[in-house]
Amino acid sequence: MNIATQAVPAESGVESEEITPRYLEALTLIERLHRRLLDVIKDEFERLGRPEVNSVQALLLFNIGDAELTAGELRSRGHYLGSNVSYNLKKLVDAGYIHHERSETDRRSVRVRLTEKGQEVRSRVDQLYQKHISSLEQVGGVSTDDLDRLNVALVRLERFWTDHIRYRL
């Protein structure tokens, strides 16, 4: 038997044999869905003839939006699979998608905001998401109630993992 699927006594009364495969499947789906989202964004930019922006960079630009943020703030707003946020920010600055400026109070801190070129990429990602939203229920079979339940479960899972780190559970 695989060690990851061995039964472990559950303190909450939920049988470990029941929850283990569901938990492991959820972990796999979370990873796979993020990779698939990056593939969808990559495909969109290839169709637009904009290969100079990769999917991780497009997500960074989308998450910056109209804000002015530090790299740390940006990192905490999104997950950038297998990427170095600072490296991608430098590439985006060099390509003219982002303005960056050192903080007057803390010279180590750099604040970033989108240029007009960066706003165009952000807008394209937003249009892609809007297209998904308009057909999610009819084509994808995902309802508002489904999304509500999913979001509640994901927030709880995030809180569980955060508590696991914070309180060394």
Side-chain angles (χ1 to χ4, degrees), residues 1-45 47 53-89 92 98 111-114 118-119 121-169:
M1 179 184 281
N2 182 328
I3 201 149
T5 59
Q6 287 179 346
V8 177
E11 295 177 19
S12 67
V14 175
E15 288 298 319
S16 178
E17 294 163 355
E18 293 177 21
I19 198 167
T20 298
R22 289 172 174 91
Y23 180 69
L24 296 175
E25 181 182 14
L27 296 178
T28 300
L29 283 169
I30 290 166
E31 289 180 88
R32 196 168 63 212
L33 285 169
H34 183 70
R35 283 192 302 274
R36 183 67 63 215
L37 173 62
L38 292 175
D39 290 343
V40 166
I41 292 170
K42 177 181 181 246
D43 180 65
E44 182 70 14
F45 280 88
R47 288 180 196 202
V53 177
N54 69 38
S55 54
V56 170
Q57 292 167 343
L59 272 179
L60 281 167
L61 294 169
F62 181 80
N63 286 327
I64 292 171
D66 294 327
E68 187 174 293
L69 305 166
T70 65
E73 291 167 330
L74 187 57
R75 196 174 15 261
S76 70
R77 286 186 179 201
H79 174 74
Y80 307 102
L81 187 68
S83 72
N84 180 314
V85 173
S86 297
Y87 170 82
N88 279 302
L89 286 176
L92 290 166
I98 292 178
R111 301 200 61 79
V112 296
R113 61 184 158 77
L114 300 185
Q119 285 287 355
V121 171
R122 184 198 184 285
S123 176
R124 187 60 230 157
V125 174
D126 185 57
Q127 289 170 17
L128 176 65
Y129 288 172
Q130 292 304 316
K131 184 171 86 174
H132 293 166
I133 289 165
S134 70
S135 63
L136 191 59
E137 190 161 12
Q138 288 178 326
V139 177
V142 180
S143 71
T144 305
D145 289 341
D146 292 334
L147 289 173
D148 287 342
R149 285 191 300 277
L150 174 65
N151 290 338
V152 166
L154 290 173
V155 165
R156 287 177 181 164
L157 186 57
E158 180 184 30
R159 188 177 315 123
F160 171 76
W161 286 342
T162 300
D163 288 351
H164 187 82
I165 294 165
R166 182 177 295 141
Y167 303 115
R168 300 179 186 255
L169 301 176

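From a predicted model like this one, the values you see are computed outputs, not experimental measurements. Values below: all heavy atoms of this structure, side chains included; hydrogens, waters and symmetry mates excluded.
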Task: side chain to side chain contact (heavy atoms under 4.5 Å, CB included) between Arg32 and Leu37, worked out - done: CA-CA 9 Å; Arg32 196 168 63 212; Leu37 173 62; over 6 Å; no
Open item on the list: What verdict does the side chain to side chain contact (heavy atoms under 4.5 Å, CB included) test give for Tyr129 and Ile41, after you've listed the backbone C-alpha separation in whole Å, the side-chain angles of each residue and the deciding distance to 0.1 Å?
Closed with: CA-CA 10 Å; Tyr129 288 172; Ile41 292 170; 3.9 Å; yes
Open item on the list: side chain to side chain contact (heavy atoms under 4.5 Å, CB included) for Glu44 and Val125? Distances and angles first, verdict last.
Closed with: CA-CA 9 Å; Glu44 182 70 14; Val125 174; over 6 Å; no
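In this structure, OG in Ser55 is found 4.0 Å from CG in Leu38, a value given to the nearest 0.5 Å. Interatomic distance, CZ of Arg35 versus NZ of Lys42, reported as 14.5 Å (0.5 Å rounding). To the nearest 0.5 Å, atoms OG (Ser86) and CG (Leu74) are separated by 9.5 Å. Between the CG atom in Leu61 and the CG atom in Leu92 there is a gap of 5.0 Å [rounded to 0.5 Å].
Across all non-hydrogen atoms, the minimal contact from Leu69 to Ile64 is CD1-CA, 4.0 Å. Summarising the geometry of Leu60 relative to Asn88, their closest heavy-atom pair is CD1-CB, 3.5 Å, with the distance given to 0.1 Å. In terms of heavy atoms, Arg111 sits closest to Glu68 at NH2-O, 2.7 Å. Among all heavy-atom pairs drawn from Pro21 and Ser16, the shortest one is CD-O, 4.4 Å.
If you check the side chains of Arg122 and Gln119, you find no donor sitting under 3.5 Å from an acceptor.
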Donor-acceptor pairs are to be reported for all side-chain atoms of residues 136-153 against protein atoms at under 3.5 Å, with residues two or more places apart or in another chain.
residue	atom	partner	partner atom	Å
Ser143	OG	Asp145	N	3.3
Ser143	OG	Asp146	N	3.0
Ser143	OG	Asp146	OD2	3.3
Asp146	OD1	Arg149	NH2	2.7
Asp146	OD2	Ser143	N	3.0
Asn151	ND2	Leu147	O	3.2

Show me, pair by pair, the donor-acceptor contacts under 3.5 angstrom made by side chains of residues 23-30, not counting sequence neighbours?
residue	atom	partner	partner atom	Å
Tyr23	OH	Trp161	NE1	3.0
Thr28	OG1	Leu24	O	3.0

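In this view, Phe45 satisfies the ring-ring contact (aromatic ring centres under 6.0 Å, His included) rule with no residue, not counting sequence neighbours.
Under a 3.5 Å cut-off, the side chain of Thr20 and the backbone N or O of Glu17 do not form any donor-acceptor pair. Checked by atom type and distance alone, the side chain of Arg168 never pairs as donor or acceptor with a backbone atom of His164 at under 3.5 Å.
With respect to Asp39 and Arg36, a salt bridge is recorded, a charged nitrogen being found less than 4.0 Å from a carboxylate O. Of the charged side-chain nitrogens involved, at least one lies within less than 4.0 Å of a carboxylate oxygen, so that Asp43 and Arg47 count as a salt-bridged pair.
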